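Every value quoted in this text rests on a predicted model; they were computed, and no experiment measured them. Values below: every heavy atom of this structure, side chains too, minus hydrogens, waters and symmetry copies.
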2 protein chains.
Amino acid sequence: MLELTLKYQLCFPMYALSRQVTALYRPLLEPLGLTYPQYLILMLMWEHKKLTVKEIGKELWLDSGTLTPLLKRMEEKGLVERIRDKSDERVVNIHLTESGMLFRNECLDIPSKIQCQLNLNPDQAVALRSQLYELLEVLDKQGT
Amino acid sequence: MLELTLKYQLCFPMYALSRQVTALYRPLLEPLGLTYPQYLILMLMWEHKKLTVKEIGKELWLDSGTLTPLLKRMEEKGLVERIRDKSDERVVNIHLTESGMLFRNECLDIPSKIQCQLNLNPDQAVALRSQLYELLEVLDKQGT
DNA sequence: TGCATTTAAATTGTATACAATATAATTTTG
DNA sequence: CAAAATTATATTGTATACAATTTAAATGCA
């Protein structure tokens with residue numbers, strides 16, 4: 001396991017699978033004019049209606065260097081609005097628009113389509129997800 | 001599991017973890033002037049000495065649009081040479097240089113450092129790796 | 001043989017990621 | 001209170017990813 005060969009690495013299948021799973025989303029999101037990170041942000045917004053850039057960054061593990069241009073593109077598409085906080089001018093609040101809200105209906109069956117293509121039963125999916133979140137937790141604590 | 005909320009998705013922790021694990025490599029690779037994809041290519045080259053762009057692409061699930069500039073940068077650093085195949089001028093063979101060979105010594109303890117930071121025992125790591133490769137296999141077959 | 005098809009890389013253009021730095025606003029502190 | 005430190009976002013620059021197209025070479029086949 002500690003060998004310096006591609007096939008013994010844990011990181012590599014993680015990297016490759018992440019990209020290939022994202023590729024599964026592409027044909028589902030492209031007709032909606034969405035990219036995968038934009039879809040992630042929309043999922044957050046459907047749940048929260050309003051979030052700061054910092055809060056989005058914490059959820060997605062992304063910084064403002066990535067989020068600022070990404071959110072600007074989403075604003076251009078009319079999915080969200082970027083509004084400076086009145087009480088703290090450093091903060092930018094992201095608001096879901098009516099249009100962004102309606103996009104949710106178009107995305108309702110995406111999760112089931114993806115899970116089907118991964119050929120996973122629900123139990124397996126839940127188990128794998130837990131394991132991945134455990135590792136994220138480990139890294140989160142180290143980052144502190 | 002089929003809910004349209006970030007925390008119920010399987011894809012998201014995969015995406016986030018992949019990036020965070022790559023971030024673990026960064027402080028180890030940066031002193032060597034390497035990026036993570038460059039390190040992956042080096043691992044392949046240490047094993048094979050000579051590969052075509054297409055063969056590298058198949059191993060890493062990357063296309064020439066990504067690999068051509070990446071390999072040019074590695075050539076500039078003196079890690080590899082890019083040489084047109086004499087018998088088939090469409091093909092570019094990538095050769096490991098002496099210098100690229102020597103880099104292996106600097107990377108020997110990277111895998112153990114990473115595994116340590118992930119706080120995984122070898123059995124867990126092997127099990128997770130297998131599961132990820134199974135999913136890659138599923139996607140590979142669909143891609144056919 | 002000669003031309004259509006296929007193949008391997010390269011190129012172009014767009015969208016992330018992320019380090020490093022800059023900017024502006026707020027908080028802390030002496 | 002005023003300067004220093006911190007914080008939130010934006011900007012700049014570099015390096016992937018990847019779709020779409022182009023180019024050049026090799027192959028298939030009538």
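For residues 47-56 of chain B, proximity to DNA chain C is found at B:Thr52, B:Val53, B:Lys54, defined as any non-hydrogen atom under 4.0 angstrom from a strand atom. For the segment residues 78-85 of chain B, the set of residues with a heavy atom within less than 4.0 Å of an atom of DNA chain C comprises B:Arg82, B:Arg84, in numerical order.
Pairs engaging residues 34-53 of chain A under the salt bridge (Lys or Arg N to Asp or Glu O under 4.0 Å) rule: A:Glu47-B:Lys7 [sequence neighbours left out]. Residue pairs meeting the side-chain hydrogen bond (donor to acceptor under 3.5 Å, both in side chains) criterion with at least one partner in residues 85-95 of chain B, sequence neighbours excluded, are B:Asp85-B:Ser87, B:Asp85-B:Asn93, B:Asp88-B:Arg90.
No chain of hydrophobic side-chain contacts below 4.5 Å, direct or via other Ile, Leu, Val, Met, Phe, Trp or Tyr residues, connects A:Ile83 to A:Val53. Cluster membership for A:Val91 and A:Val80, using ILVMFWY side-chain heavy atoms within less than 4.5 angstrom, is not shared. When hydrophobic clusters are built by joining Ile, Leu, Val, Met, Phe, Trp and Tyr residues whose side-chain heavy atoms come closer than 4.5 Å, directly or via intermediates, A:Leu108 is grouped together with A:Phe103. The cluster map of Ile, Leu, Val, Met, Phe, Trp and Tyr, joined by side-chain heavy atoms under 4.5 Å apart, puts A:Val138 and A:Leu132 in different clusters. Residues B:Leu4 and A:Ile56 share a hydrophobic cluster, clusters being chains of Ile/Leu/Val/Met/Phe/Trp/Tyr side chains in contact below 4.5 Å.
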Please tabulate, for the side chains in residues 15-29 of chain A, all donor-acceptor contacts under 3.5 angstrom to protein atoms that are two or more places apart in sequence or on a different chain.
| unit_1 | atom_1 | unit_2 | atom_2 | d |
| --- | --- | --- | --- | --- |
| A:Arg19 | NH1 | B:Trp61 | O | 2.9 |
| A:Arg19 | NH2 | B:Leu60 | O | 2.6 |
| A:Thr22 | OG1 | A:Ser18 | O | 2.8 |

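For the pair A:Glu89 CD and C:dT27 P, the computed distance is 12 Å after rounding to whole Å. Nucleotide D:dA10 holds its C1' atom 14 Å from the CD atom of A:Glu75, rounded to whole Å. Rounded to an integer number of Å, the gap from NZ of A:Lys58 to C1' of D:dT7 is 15 Å.
If you check every strand for non-hydrogen atoms under 4.0 Å, A:Ser87 touches sugar and phosphate atoms only.
Under a cut-off of 6.0 angstrom, the local environment of NZ in A:Lys54 is sparse, with at most 12 non-hydrogen atoms contributed by other residues, nucleotides or ligands.
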> Can you give one letter per nucleotide of nucleotides 11-18 of chain D, going 5' to 3': B for a protein heavy atom under 4.0 Å from the base, S for sugar-phosphate only, - for none?
Replying inline: B---SBBB

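Counting only heavy atoms from C-beta outward, the side chains of A:Met43 and A:Cys107 never approach each other to under 4.5 Å.
Between A:Asn93 and B:Asp88, the one whose closest nucleotide on DNA chain D sits nearer the 5' end is A:Asn93.
Side chain B:Arg90 to base C:dT7: a donor-acceptor pair is found below 3.5 Å.
In this structure, B:Met74 CE and B:Leu79 CG are separated by 5.0 Å, a value rounded to the nearest 0.5 Å.
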